Amino acid sequence: MKAALELDFLINQNELDKSLRDIAQKVKDNQRISFDEGVYLYEHAELNYLGIIANYIREKKHGDKTYFNRNFHIEPTNVCVYDCKFCSYSRLIKNKDEGWEMQVEDMMDAVRKYDGIPVTEVHITGGVVPKQDLAFYAEFFKQCKAHRPDLHIKGLTPVEYYYIFKKAKLSHYEGLKYLKEAGLDSMPGGGAEIFHPEVREKIAADKCNAEQWLDIHTQAHKLGMRTNATMLYGHIEEFWHRVDHMERLRKLQDETQGFQAFIPLKFRNKDNQMSHVPEVSVVEDLRNYAVARIYLDNFDHIKAYWAMISRETAQLSLSYGVDDIDGTIDDTTKIYSMAGAEEQTPAMSTQELVELIRKVDRHPVERDTLYNIVTDYKDVEFEEQEKASYYDLPVINK
Ligand code: V47
Ligand code: SF4
């Protein structure tokens, strides 16, 4: 296998720094790298080196398979009691006039729009407001499941849950159990930002802290729910903060095995209180995906959220450890377009996703939220007229 030959080439490269050769050898021997080695990679490893190692791991786990799903988002409100400095999306409670706050009926209208359309997941996240409380979400989850039992509800993050459960005077376990019984299936990875208090207190001081975020995921895993984890990188954090963040996730994953995907989220700087902080380069994005793939040996999937990093970078990321590019989205999220992402109306058809993946020689697989295979596109050809709509995409040539 080409990826293994490339890894051997690194290990035998006498000109290469000894520590980097040792890390490559560890990966070949299936050994976990340490905290210090994680920091060393960020500080000293070049993109080509990281790509070879991360791609070796990616291909060992998944071969060329690259996953996506058919999903849409509901953002129940863009008003928020919190004041994260990087957020371009929320309108503080005091500026409420510029915001929206959905009722259960509005959310059901958003679900009904997909009647007869083979989406498999609704991803729900947004701001935090007092009215959208435990009863509100329990009612929506129940109605949503009654209307469409096959639709997987990937809903809310510890940021919302911490606030909601505190208000309802329930423990994290009790609150999640109640909402699971109402229809909640799993949790997306948001709200993690950077766990270390040195950074968190500067960028997201007033919402749940690292311990609370991790505990809510622990309780979800205990209830048999699968969850994702994110990391907001490329702002004021140092490399060791990123490794500290991944270390905490790796430790919890050893205990619960409840995480499915790790999703690095690139800080975008448009129209927020951190607009003076420059964004990192695409090279740094790729290095970060690769280090994540190497460090998080117990995570099955590394996801690149195409709506945030652009289609081209999503394609490139598939050679740097990424095996999942999220889903169709159908222009149902504003979080990234408002923060300056290239995709102002993020939506891709299944055909477009398949072609995007094929153009970089990978094998597209539609999955459901739990990574059960919905359609393996290895040998599926689209009709000529269907192809016409995606051939002119700005994609990287093979
Ligand atoms: O927690 C907010 C981030 C997250 C900015 O689990 C920003 O499948 C960059 O978690 N620049 C919410 N990022 C989105 C999220 C997510 C997205 C896709 C898939 C999944 C999943 C989860 O968005 C927030 C925050 O970290 N965010 N503002 C910004 N200016
Ligand atoms: Fe609120 Fe989330 Fe924005 Fe923070 S990132 S202000 S919690 S909507």
Side-chain angles (χ1 to χ4, degrees), residues 67-69 71-73 75-93 95 99-101 121-129 132 152 154-164 185-195 199-200 203-208 213 217 220 225-235 237 245 259-275 277 279-280 285 299 301-309 314 324-329 332-341 343 346 367 369-371:
Y67 300 95
F68 66 92
N69 72 352
N71 62 351
F72 66 99
H73 291 229
E75 295 176 347
T77 180
N78 69 340
V79 182
C80 192
V81 297
Y82 298 124
D83 183 22
C84 302
K85 303 304 173 211
F86 54 82
C87 184
S88 318
Y89 166 82
S90 81
R91 300 293 170 260
L92 278 173
I93 287 277
N95 302 332
W100 71 82
E101 240 182 273
E121 171 190 287
V122 55
H123 174 146
I124 305 164
T125 189
V128 178
V129 287
Q132 294 179 350
H152 181 107
K154 186 175 82 178
L156 316 190
T157 74
V159 177
E160 291 99 322
Y161 288 132
Y162 181 73
Y163 180 92
I164 289 172
D185 292 302
S186 72
M187 231 199 280
E193 323 314 356
I194 288 284
F195 289 142
V199 175
R200 199 170 185 87
I203 64 168
D206 52 359
K207 69 184 184 190
C208 70
W213 191 99
H217 280 262
M225 280 194 258
R226 307 303 302 274
T227 71
N228 291 338
T230 58
M231 172 174 79
L232 180 71
Y233 70 93
H235 43 89
E237 89 287 1
H245 190 91
F259 288 116
Q260 301 201 111
F262 178 66
I263 310 154
L265 295 172
K266 176 191 185 128
F267 165 68
R268 310 302 309 247
N269 68 4
K270 191 174 159 216
D271 289 340
N272 57 46
Q273 295 173 70
M274 288 168 63
S275 289
V277 177
E279 293 178 2
V280 295
D285 296 331
F299 273 64
H301 303 282
I302 303 292
K303 188 197 275 193
Y305 187 42
W306 69 264
M308 180 200 38
I309 51 156
D324 188 312
I325 58 169
D326 202 74
T328 45
I329 304 174
T332 46
T333 173
K334 294 275 166 278
I335 296 178
Y336 289 103
S337 50
M338 287 168 88
E343 297 281 340
R367 58 161 178 91
T369 311
L370 302 176
Y371 289 86

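These numbers were taken from a predicted model, which means no experiment stands behind them. Order of listing sets the numbers, starting from 1, for every ligand and every atom in it.
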message = Only heavy atoms of Asn228, strictly under 4.0 Å: list the atoms of ligand 1 that pass.
response = 6 (O), 8 (O), 21 (C)

query = Of all the heavy atoms in Met187, does at least one lie under 4.0 Å from an atom in ligand 1?
reply = no

query = Any idea which atoms of ligand 1 are less than 4.0 Å away from a heavy-atom of Gly191?
reply = 1 (O)

query = Out of Lys154, Lys85, Met308, whose heavy atom sits nearest atom 8 (O) of ligand 1?
reply = Lys154

request  = State whether the shortest distance between N or O atoms of Ala192 and N or O atoms of ligand 1 falls below 3.5 angstrom.
outcome  = no

Numbering as shown, the atoms of ligand 1 that approach Gly190 to under 4.0 Å (heavy-atom distance) = 1 (O), 10 (O)

query = Near Asn272, which atoms of ligand 1 are under 4.0 Å from a heavy atom of that residue?
reply = 30 (N)

query = Do Phe72 and Ile124 come within less than 4.5 Å of each other through their side chains, counting heavy atoms only?
reply = no

ask   = Within the side chain of Glu279, is there an N or O that forms a donor-acceptor pair under 3.5 Å with the backbone of Asn269?
value = yes

inquiry  = Can you confirm, on distance only, whether ligand 1 has an N/O atom lying under 3.5 Å from any N/O atom belonging to Thr125?
reply    = no

query = Do the non-hydrogen side-chain atoms of Tyr233 and Leu265 ever get within less than 4.5 Å of each other?
reply = no

message = I'd like to check which ligand 1 atoms, numbered from 1 as shown, lie under 4.0 Å from a non-hydrogen atom of Ile263.
response = 6 (O), 8 (O), 20 (C), 21 (C)

request  = Would you confirm whether Gln132, through its side chain, and Val129, through its main-chain N or O, come within 3.5 Å as a donor-acceptor pair?
outcome  = no

ask   = Should the proximity of Glu193 to ligand 1, defined as any heavy atom under 4.0 Å, be assigned to the side chain, the backbone, both, or neither?
value = side chain

task = Could you check whether the rings of Tyr67 and Tyr371 sit parallel, tilted or perpendicular, using 30° and 60° as the cut-offs?
result = perpendicular

Heavy-atom side-chain proximity of Asp185 to Met225 below 4.5 angstrom = no

ask   = Would you call the rings of Phe262 and Phe299 parallel, tilted or perpendicular, where under 30° means parallel and over 60° means perpendicular?
value = perpendicular

query = Can a non-hydrogen atom of Val159 be found less than 4.0 Å from any atom of ligand 2?
reply = yes

request  = May I ask you to identify, for Tyr305, whether its side chain, its backbone, both or neither come under 4.0 Å of ligand 1 on a heavy-atom basis?
outcome  = side chain

Close side-chain approach of Asn272 and Cys87, heavy atoms under 4.5 Å = no

query = Does ligand 1 have a heavy atom under 4.0 Å from the side chain of Asn269, from its backbone, from both, or from neither?
reply = neither

task = Under 4.0 Å from a heavy atom of Phe267: give me the atoms of ligand 1 that qualify, with their elements.
result = 9 (C), 11 (N)

ask   = Can you tell me if Met274 has a non-hydrogen atom under 4.0 Å from ligand 1?
value = no

ask   = Does a salt bridge link Lys207 with Asp83, judged by any charged N lying under 4.0 Å from a carboxylate O?
value = no

key: Atoms of ligand 1 close to Leu232 [distance to a heavy atom under 4.0 angstrom, numbered from 1]   = 7 (C), 9 (C), 13 (N)

Ligand 1 versus Thr157: contacting region, heavy-atom distance under 4.0 Å = neither

request  = Examine the side chains of Asn71 and Asp326 and answer whether a donor and an acceptor come within less than 3.5 Å of each other.
outcome  = yes

message = Taking Glu193 first and then Arg200, would you say they form a salt bridge - that is, a charged N and a carboxylate O separated by under 4.0 Å?
response = no

key: Ser186 side chain near His152 side chain, heavy-atom distance below 4.5 Å   = yes

task = Could you please tell me which protein N, O or S atoms lie under 2.8 Å from atom 3 (Fe) of ligand 2?
result = Cys87 SG

message = Out of all atoms in ligand 2, which are within 4.0 Å of some heavy atom of Lys207? Include the element for each.
response = 4 (Fe), 5 (S), 7 (S)

request  = Check whether any side-chain heavy atom of Phe267 lies under 4.5 Å from a side-chain heavy atom of Val280, and answer yes or no.
outcome  = no

query = Once the angle between the rings of Tyr163 and Tyr82 is folded into 0 to 90°, is it parallel (under 30°), tilted (30 to 60°) or perpendicular (over 60°)?
reply = perpendicular

task = Assign the ring pair His245 / Phe195 to parallel, tilted or perpendicular, where the plane angle (0 to 90°) is split at 30° and 60°.
result = parallel

Heteroatom proximity flag, Thr230 to ligand 1, N/O under 3.5 Å = no

4.0 Å heavy-atom contact, His123 with ligand 1 = yes

note = Residues passing the salt bridge (Lys or Arg N to Asp or Glu O under 4.0 Å) test with Lys270, sequence neighbours excluded, are none

